[in-house]
There are 2 protein chains.
Amino acid sequence: MARLTIRDIARMSGLSKSTVSLVLNNSPRVDPATRERVLELMRQHNYVPNYAATALARGNTRLIGMIVPGLTWRLVAAINYGVASVVEGSEYEIILYTSTNDRNYDRVIERILASKLSAGLLVVTHNQPLEPLEKLHRDGLPVVLVDTLATHADLPAIVTDNYGGAHAAVRHLLELGHRRIACVEGLMEYPCCQERTRGYTDALAEAGISHRPELVQAGGFSAETVADSTRALLSLPKRRRPTAVFAHSDITAYAVMETVEDSGLKVPDDISVVGFDDLASSEHVRPALTTVRQPFEEMGRQAAELLFATIEGGPGETEASRQPPRLSLPTSLIVRDSTSTVA
Amino acid sequence: MARLTIRDIARMSGLSKSTVSLVLNNSPRVDPATRERVLELMRQHNYVPNYAATALARGNTRLIGMIVPGLTWRLVAAINYGVASVVEGSEYEIILYTSTNDRNYDRVIERILASKLSAGLLVVTHNQPLEPLEKLHRDGLPVVLVDTLATHADLPAIVTDNYGGAHAAVRHLLELGHRRIACVEGLMEYPCCQERTRGYTDALAEAGISHRPELVQAGGFSAETVADSTRALLSLPKRRRPTAVFAHSDITAYAVMETVEDSGLKVPDDISVVGFDDLASSEHVRPALTTVRQPFEEMGRQAAELLFATIEGGPGETEASRQPPRLSLPTSLIVRDSTSTVA
DNA sequence: CTGTTAGCGCATTCAT
DNA sequence: ATGAATGCGCTAACAG
């Protein structure tokens, strides 16, 4: 597999390297006939330009980095798919930075990304400090956040309407006649979770229901904490006990449902449950979970397109680019079997 | 962010480029004192060698390609995690090739991978033709298959014991007293599915149960086909109707369970169901699914390590390497609530 | 429209 | 132990 170089093609075609290079780069200023001849030659000999050489000469690569935290793979699959669907139509490739533990996050940022390996960066759902990313962005590396709701960050981002989603979920419960609606929260360091609680609180307030702190429980990401919280809710005296639970995530909702059933109550007959995310499995859980769907795939697509736009747009220190675009995609309520009218 | 080059470091340290280069490559023939001085300088100025330049000069990159088919993301998450956990301890990065549709598979193989972008290739669960991969491998690009049970392929692979897993699943049902055990198959083009049917058939035969073709149904990957197959099974006269179903995958099992319940029967009371894979969601499905666990994460780890070994091992046309290593990882039966003794 | 000439940043001989 | 020279394969002015 003696690799062919551009020089070989040049010799074979009787042209010079530069002309061949022009062909490679689709330059209009090359004779269509010779152009076709060269292309044919390449095809015949299975010539492929050396990536490293191209990158070096150009001064930039055609790779985009994608940072995804290890723990959120279940959400990330769909995002990835969306990203991939637009990337594969381009000349770019994805290079994947997964940090399975948090410690090497800094290494990833400081060392690898500084090596000019990627032309842009997609950062998926994470709660690491954003300062390093902002610095990179200021230094000219396009960065797009995906599902990282960092309100204070000075970075372009694709997010979903967490507030609206939560609000709609609670509205749904209210319309079913529920009045005592609990909330089992996720990690409140995440702005998205803060938004969800805000949506919950506001929806209740708008319905004229006064806030009851005892109905808002910490959940976190651990099934045990969620179980504890759920038991705390169930142990309330009957007339103060919630008839419905809004969970900050589908995973949380699963744990809530399991705890409810373990304690001899039925979902949705005794307690309705709404989740958030619409993971693929939520359709198969029994009862099938009513939940707020996040358009993950679409988010991935939009994020990739935004990133490409920024990359192609050049340094673009225009007035418009100083205000980083922040696209919020709508969520939708998927009503299934885990919610019903209040008994 | 005017990027520093090796030349800058050389100037600052009063040395020549080549000496600095020697430091970068951990050459023993450089004075420990100067070596430390140079390293310190690099640290201070946040110098990182240009990846493309290094790759070009060396003639090889420190990237490993990972081909994953778009449709199997749910399985792939855990594999990825395993791969990432070993890659992040190395100097390599992952570059992700996802083909969301099958058409560009050839393009991926022929063009991108031939561009010397990756030092090795990890190919995850796919059913594309393997010839191109074999060719690449012969041409010196290390390739490792993950969960692609291609019995006839001349490539190193990490697989799981599909036969043994299926066998164990059916044994489990037999021990519960079931005699009429159906099988809802996956895509039979996949060798792994062929193995699963073989395990099913053999386990029955060993128990002295004669093969009943009507109990083996096509499932494929579509929920509707599975539903059809399940209804066909349920519509058998009561004394020929199966009391248990072995499904080729968890997803298939979900659809089987739903169809069973739609028709008014109960899992596991009327019909026991066993899946294959142990997706994360199988724990949350109701009834929680009894299934055969594949050690996805471990597969990813092993695959990455095998790939590294081959890369570092050089061209290695030894006698041992002519016989491509084929590691089969054991599966384990996870008993949950979807199986019970026969009524 | 096409060829000439210089690099891109680094690794790697060969000298010293 | 360190420096000078050369080339990896390609792009990008600048000429013609």
Side-chain angles (χ1 to χ4, degrees), chain A residues 1-39 41-42 45-63 91 111-112 114-119 140 314, chain B residues 1-39 41-42 45-63 91 111-112 114-119:
Chain A
M1 196 198 203
R3 286 188 50 74
L4 292 172
T5 77
I6 198 176
R7 190 198 254 95
D8 297 318
I9 301 291
R11 236 191 317 257
M12 297 165 84
S13 61
L15 295 169
S16 78
K17 286 194 320 181
S18 30
T19 308
V20 178
S21 175
L22 289 177
V23 171
L24 280 177
N25 293 284
N26 297 313
S27 165
R29 24 176 269 205
V30 63
D31 185 82
T34 46
R35 146 184 225 69
E36 194 44 54
R37 195 160 54 87
V38 172
L39 285 175
L41 217 48
M42 293 184 185
H45 296 271
N46 219 318
Y47 164 79
V48 181
N50 180 304
Y51 209 96
T54 311
L56 181 56
R58 273 217 190 94
N60 59 34
T61 67
R62 291 239 190 283
L63 297 174
E91 299 195 309
R111 291 202 37 213
I112 324 261
S115 64
K116 256 201 175 310
L117 222 189
S118 38
Chain B
M1 196 198 204
R3 283 190 50 74
L4 292 171
T5 76
I6 199 176
R7 191 198 254 97
D8 297 317
I9 301 291
R11 238 192 313 259
M12 297 165 81
S13 61
L15 296 169
S16 77
K17 289 195 316 181
S18 28
T19 308
V20 178
S21 174
L22 289 178
V23 171
L24 280 176
N25 294 282
N26 297 313
S27 164
R29 24 175 271 205
V30 62
D31 186 79
T34 47
R35 149 186 221 67
E36 193 45 53
R37 195 160 53 86
V38 173
L39 286 176
L41 217 49
M42 293 183 183
H45 296 270
N46 220 318
Y47 165 80
V48 182
N50 179 303
Y51 209 97
T54 311
L56 179 56
R58 273 215 190 97
N60 60 35
T61 67
R62 292 239 189 281
L63 297 175
E91 299 197 307
R111 290 202 37 212
I112 323 255
S115 63
K116 258 200 175 309
L117 221 189
S118 38

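- In this model, the phosphate group of D:dT11 is approached by a side-chain N or O of A:Asn25 to a distance below 4.0 Å at OP1 or OP2.
- Extent of DNA chain C lying under 4.0 Å from chain B heavy atoms, first and last nucleotide in 5' to 3' order, is C:dG9 to C:dC14.
- The base of D:dA4 is paired with the side chain of B:Ser18 by a donor and an acceptor separated by under 3.5 Å.
- Remark: the backbone N or O of B:Ile9 is paired with a side-chain donor or acceptor of B:Ser13 at under 3.5 angstrom.
- Heavy-atom minimum distance, A:Tyr47 versus A:Thr5: CE1-C, 3.7 Å.
- Regarding A:Arg7, its CZ atom lies at a distance of 9 Å from the P atom of D:dC10, rounded to whole Å.
- Contacts of A:Thr5 with the nucleic acid, taken as non-hydrogen atoms under 4.0 Å apart, involve only primed sugar atoms and P, OP1 or OP2.
- Side-chain N or O atoms of B:Tyr51 include none that pairs as donor or acceptor with a backbone N or O of A:Ser118 at under 3.5 Å.
- In terms of heavy-atom proximity, B:Thr34 sits nearest to B:Val30 at OG1-CG2, 3.9 Å.
- Among A:Leu41, A:Ile6, A:Leu39, the one residue that satisfies the side chain to side chain contact (heavy atoms under 4.5 Å, CB included) test with A:Val23 is A:Leu39.
- Nearest heavy-atom pair across A:Thr61 and A:Leu117 is OG1-O, 2.6 Å.
- Considering all non-hydrogen atoms of both residues, A:Ser27 and A:Arg35 come closest at O-NH1, 4.0 Å.
- A:Tyr47 has a side-chain polar atom (N or O) that falls below the 4.0 Å cut-off from OP1 or OP2 of D:dC10.
- Residue A:Ile6 contributes atom CD1, which lies 6 Å from atom C1' of D:dC10 at whole-angstrom precision.
- Atom CZ of A:Arg7 sits in a sparse spot, with 12 or fewer heavy atoms from other residues, nucleotides or ligands closer than 6.0 Å.
- Rounded to 10 degrees, the angle separating the terminal helix axes of the helix from C:dC1-D:dG16 to C:dT16-D:dA1, each built from five base pairs, is 30°.
- For A:Asp8 and D:dC8, the CG to P distance is 11 Å, given to the nearest whole Å.
- In terms of heavy-atom proximity, A:Ala10 sits nearest to A:Ser16 at CB-C, 3.7 Å.
- Regarding B:Leu117, its CG atom lies at a distance of 15 Å from the P atom of D:dG9, rounded to whole Å.
- Rounded to whole Å, the distance from CG on B:Leu56 to C1' on D:dC10 is 8 Å.
- Remark: C1' of D:dT11 and CG of B:Asn50 are 15 Å apart, rounded to the nearest angstrom.
- Comparing A:Ser21 and B:Ala53 by the nucleotide of DNA chain D that holds the closest heavy atom to each, the one mapping nearer the 5' end is B:Ala53.
- Per the geometry, CG belonging to A:Leu15 stands 15 Å off P belonging to D:dC10, to the nearest Å.
- Residue contacts shown for B:Thr54 are limited to sugar-phosphate atoms, with no base heavy atom under 4.0 Å away.
- One can place NZ of A:Lys17 at 9 Å from C1' of D:dT11, the figure rounded to the nearest angstrom.
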